[in-house]
2 protein chains.
Amino acid sequence: MGDEISQPAKPRISRRGRGSTTLADVAREAGVSPMTVSRVVNGEPNVVAETRQKVQAIIRSLSYVPNPAARSLAGGHQLRIALLHSNPSAAYLSELLLGSLAEAGACNVELTLEPCFGAEKAAVLVARLVNHRIDAVLLPPPLCEDPALLQALQDAAMPMVQIATGKTALFAHAVSIDDEAAAHAMTVRLIGQGHRRIGFIAGDSNQTSSGLRRLGYERALSEADIALDPSLIAAGDFTYRSGLAAAERLLTCEHPPTAIFASNDDMAAASLAVAHKFGLDVPRDLSICGFDDTAMATTIWPELTTIRQPIAEMAQQAIRMLTEAARARLSGQEDAPRKELFDFALISRGSDGAPPRS
Amino acid sequence: MGDEISQPAKPRISRRGRGSTTLADVAREAGVSPMTVSRVVNGEPNVVAETRQKVQAIIRSLSYVPNPAARSLAGGHQLRIALLHSNPSAAYLSELLLGSLAEAGACNVELTLEPCFGAEKAAVLVARLVNHRIDAVLLPPPLCEDPALLQALQDAAMPMVQIATGKTALFAHAVSIDDEAAAHAMTVRLIGQGHRRIGFIAGDSNQTSSGLRRLGYERALSEADIALDPSLIAAGDFTYRSGLAAAERLLTCEHPPTAIFASNDDMAAASLAVAHKFGLDVPRDLSICGFDDTAMATTIWPELTTIRQPIAEMAQQAIRMLTEAARARLSGQEDAPRKELFDFALISRGSDGAPPRS
DNA sequence: TTCTGTCATGGTAGCGCTATCTTGCAATCA
DNA sequence: TGATTGCAAGATAGCGCTACCATGACAGAA
């Protein structure tokens with residue numbers, strides 16, 4: 001029995017870990033095997049209702065939370081989804097990030113960011129993604145309409161989802177709102193308020209959503225039997241500055257409109273500035289509506305009536321689609337690209353109203 | 001030899017995993033033990049230079065990337081840092097998110113988001129954090145100045161860092177810029193351009209940075225021997241609307257200023273709107289400067305000269321501080337709160353210039 | 001009854017990495 | 001000279017979970 005004398009006192013109880021409750025603790029407490037607990041946690045079938053409930057009760061009483069690291073290690077691998085972004089100050093980015101991050105946590109996928117600026121060739125970027133073991137990518141605007149990038153991604157068989165695009169690629173998933181319907185709704189609202197001369201500031205002609213918004217505007221007009229007046233349509237490119245010029249043109253034309261519907265909030269804000277310069281009161285003398293519900297819409301005064309996209313929800317759904325697609329791809333299945341349309345919301349604020357009597 | 005007949009063909013080669021290169025692969029290739037590779041990867045000492053280089057070469061040639069899940073599982077546990085946020089549309093949020101996410105990836109910590117709205121009691125929120133096994137929190141404005149929250153966090157001994165606060169708590173880490181110095185620099189610039197009557201729009205008096213910015217303005221004036229004129233200081237609360245009223249007051253007073261320095265970009269943008277309403281050309285008739293360099297600064301026309309905080313870098317440093325603090329706390333050490341000041345940048349754009357001759 | 005299925009559950013073996021201990025060997029000490 | 005250090009490197013044992021069988025029980029089919 002000489003081997004009982006002071007050995008280096010093996011620390012058998014614990015070494016690492018914060019002593020947080022584990023699946024094994026739950027199993028012991030519930031008197032079942034770890035596997036059964038695992039099945040319950042993952043909502044798998046083949047567990048009798050009674051057992052399931054017992055286990056769930058113990059889980060709750062121990063406030064057990066699965067360890068994601070162990071899960072992804074044992075589960076084969078964790079998915080990595082990259083969010084490509086080209087414009088760090090874009091208004092939608094934080095909402096997008098918020099939505100995708102929340103869902104990424106829930107799906108146990110790792111979300112990484114990949115800055116993506118023009119200088120770099122699409123092929124090089126995609127090679128980097130593959131090297132970083134990215135399983136799928138999230139493509140916010142304007143990246144989601146870059147043909148070279150889309151093609152390179154497709155060549156690498158990388159699952160992807162286009163966010164808020166007007167032009168969905170055949171092979172990509174997409175989440176968006178119906179731009180045409182939204183513009184239509186806004187125009188209908190204006191018509192309903194009594195406006196007959198409604199100015200429209202178009203967006204950048206390179207982005208497909210611009211055309212869609214314009215189509216919605218035109219359809220509403222024609223449905224209300226209002227003749228389309230080309231002098232009421234001004235070109236813009238989504239920038240404040242272009243909105244300034246467009247609004248100025250619209251308000252100085254022979255028969256100025258009683259309302260301006262700008263294709264985004266920046267240009268609507270510019271219209272507001274021009275209106276004020278001309279001594280026009282908004283909405284008394286002129287109604288102004290925007291599109292996108294960016295921070296700008298509530299910053300300025302009066303606050304903008306505008307269209308809101310449910311960016312956070314869209315991001316959430318996008319992550320889900322990618323998770324499925326990536327898992328399908330890994331198991332060799334085909335995964336047909338889905339296009340999901342979300343409901344937009346017309347946010348009514350103080351920048352529009354009935355046209356002046358005159 | 002009967003046991004050679006068709007057994008269920010044990011899949012011994014692989015079951016899971018994408019076959020990506022592992023630490024063991026590197027070890028085999030380099031002819032060393034896995035532990036040595038681990039030491040090299042983690043930059044630990046006690047590896048002879050020659051071995052280290054050989055291993056590093058193999059790592060590169062195999063383009064090996066450590067599996068973070070396995071790492072945190074084996075390493076005891078992964079840190080979880082929560083980013084508390086109360087305002088999803090705040091301009092700084094996406095930059096903050098970008099910076100912290102990038103650093104979180106590098107430090108192998110999990111970043112989670114915790115929405116945090118007024119209705120909820122601070123104690124309840126903190127209890128939830130503890131329950132979610134959050135190890136540390138990131139506190140962006142305006143949360144970073146909420147005394148109840150700070151206190152509750154402190155009671156839970158939760159490491160925290162205040163981002164861009166004017167009022168650092170004793171027990172918290174903090175990353176910020178020197179608001180006073182920044183406002184001073186901007187005012188000096190304006191004085192250097194020849195302005196003598198410089199209007200100032202103050203920020204919300206509840207936020208400490210407001211006072212600091214005002215102090216910087218006043219110091220620059222007094223250093224230039226310009227008497228402080230109370231009629232040139234207007235109250236604001238960081239909203240566009242308050243900026244509208246303040247600018248209107250400033251521009252309609254008896255001796256209007258030739259420049260307006262607003263305590264943030266929103267109020268500067270409002271000042272610009274008021275100036276245009278009064279038919280003033282910016283910067284010819286009136287110079288306008290902002291603070292924060294939000295998206296608004298480059299949206300409007302002319303673009304705003306303003307002060308930029310390196311939010312992304314600050315976030316990065318914040319994550320690093322929290323990682324250290326949390327690890328220190330877990331190993332029972334004290335961790336003295338550090339306050340780090342970052343360099344701001346004065347961004348020169350088109351909204352300011354020499355005062356009019358008259 | 002005996003043979004299949006089917007289904008709830010358990011056992012075993014890792015996932016890829018790191019903590020901890022141990023070994024081997026040279027430099028240093030008594 | 002042997003005992004002691006110091007340090008590089010290896011061996012071992014899990015971290016917490018899940019994939020993949022294996023098992024046993026009980027149903028219906030033969």
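Just so we're clear, the structure is a prediction, and the values are computed from it rather than from any experiment. The figures here come from the full heavy-atom set of this structure, side chains too, leaving out hydrogens, waters and symmetry mates.
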Spell out, as yes or no, whether a donor-acceptor pair under 3.5 Å connects the side chain of [X] to the backbone of [Y].
X: B/Lys54; Y: B/Ala49; answer: no
X: B/Ser72; Y: B/Ala69; answer: yes
X: B/Thr51; Y: B/Val47; answer: no
X: B/Thr36; Y: B/Val32; answer: no
X: B/Thr323; Y: B/Ile319; answer: yes
X: A/Gln162; Y: A/Ala169; answer: yes
X: B/Asn42; Y: B/Arg39; answer: no

Where do N or O atoms of nucleotides 7-10 of chain C meet protein N or O atoms at under 3.5 Å, pair by pair?
unit_1: C/dA8; atom_1: OP2; unit_2: A/Asn46; atom_2: OD1; d: 2.6
unit_1: C/dT9; atom_1: OP1; unit_2: A/Thr51; atom_2: OG1; d: 2.7
unit_1: C/dT9; atom_1: OP2; unit_2: A/Val48; atom_2: N; d: 3.0
unit_1: C/dT9; atom_1: OP2; unit_2: A/Thr51; atom_2: OG1; d: 3.4
unit_1: C/dG10; atom_1: OP2; unit_2: A/Ser33; atom_2: N; d: 2.7
unit_1: C/dG10; atom_1: OP2; unit_2: A/Ser33; atom_2: OG; d: 2.9
unit_1: C/dG10; atom_1: OP2; unit_2: A/Thr36; atom_2: OG1; d: 2.7
unit_1: C/dG10; atom_1: O6; unit_2: A/Arg39; atom_2: NH2; d: 2.9

Does [X] put a side-chain nitrogen or oxygen below 4.0 Å from OP1 or OP2 of [N]?
X: A/Asn67; N: D/dC15; answer: no
X: A/Ser38; N: D/dT18; answer: yes
X: A/Arg71; N: D/dG16; answer: no

Pairs satisfying salt bridge (charged side-chain N to carboxylate O under 4.0 Å, His left out), at least one member in residues 98-114 of chain B, at least two apart: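 For residues 98-114 of chain B: B/Arg80-B/Glu110, B/Glu103-B/Arg320, B/Glu114-B/Arg128.
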Heavy-atom side-chain proximity of A/Ser63 to A/Thr21 below 4.5 angstrom: no
Grab the [atom1]-[atom2] distance between [X] and [N] for me, whole Å please.
X: B/Lys54; N: D/dA8; atom1: NZ; atom2: P; value: 15 Å
X: B/Asn42; N: C/dT20; atom1: CG; atom2: P; value: 14 Å
X: B/Leu73; N: C/dG16; atom1: CG; atom2: P; value: 12 Å
X: B/Leu23; N: D/dG14; atom1: CG; atom2: P; value: 20 Å

Per B/Tyr64 side chain, nearest of listed nucleotides C/dC17, C/dA19, D/dG16: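 For B/Tyr64, the side-chain atoms sit closest to C/dC17.
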Can you give me the N/O atom pairs linking the protein to nucleotides 23-28 of chain D at distances under 3.5 Å, or say none if there are none?
none

Contacts of A/Glu324 that satisfy salt bridge (Lys or Arg N to Asp or Glu O under 4.0 Å) - sequence neighbours left out: A/Arg338
Side chain to side chain contact (heavy atoms under 4.5 Å, CB included) against B/Ala70, all qualifying residues, sequence neighbours excluded: A/Leu73, B/Asn67
Duplex segments of DNA chain D, taken as runs of at least three Watson-Crick or G-U pairs that stay under 3.5 Å: C:1-30 with D:1-30
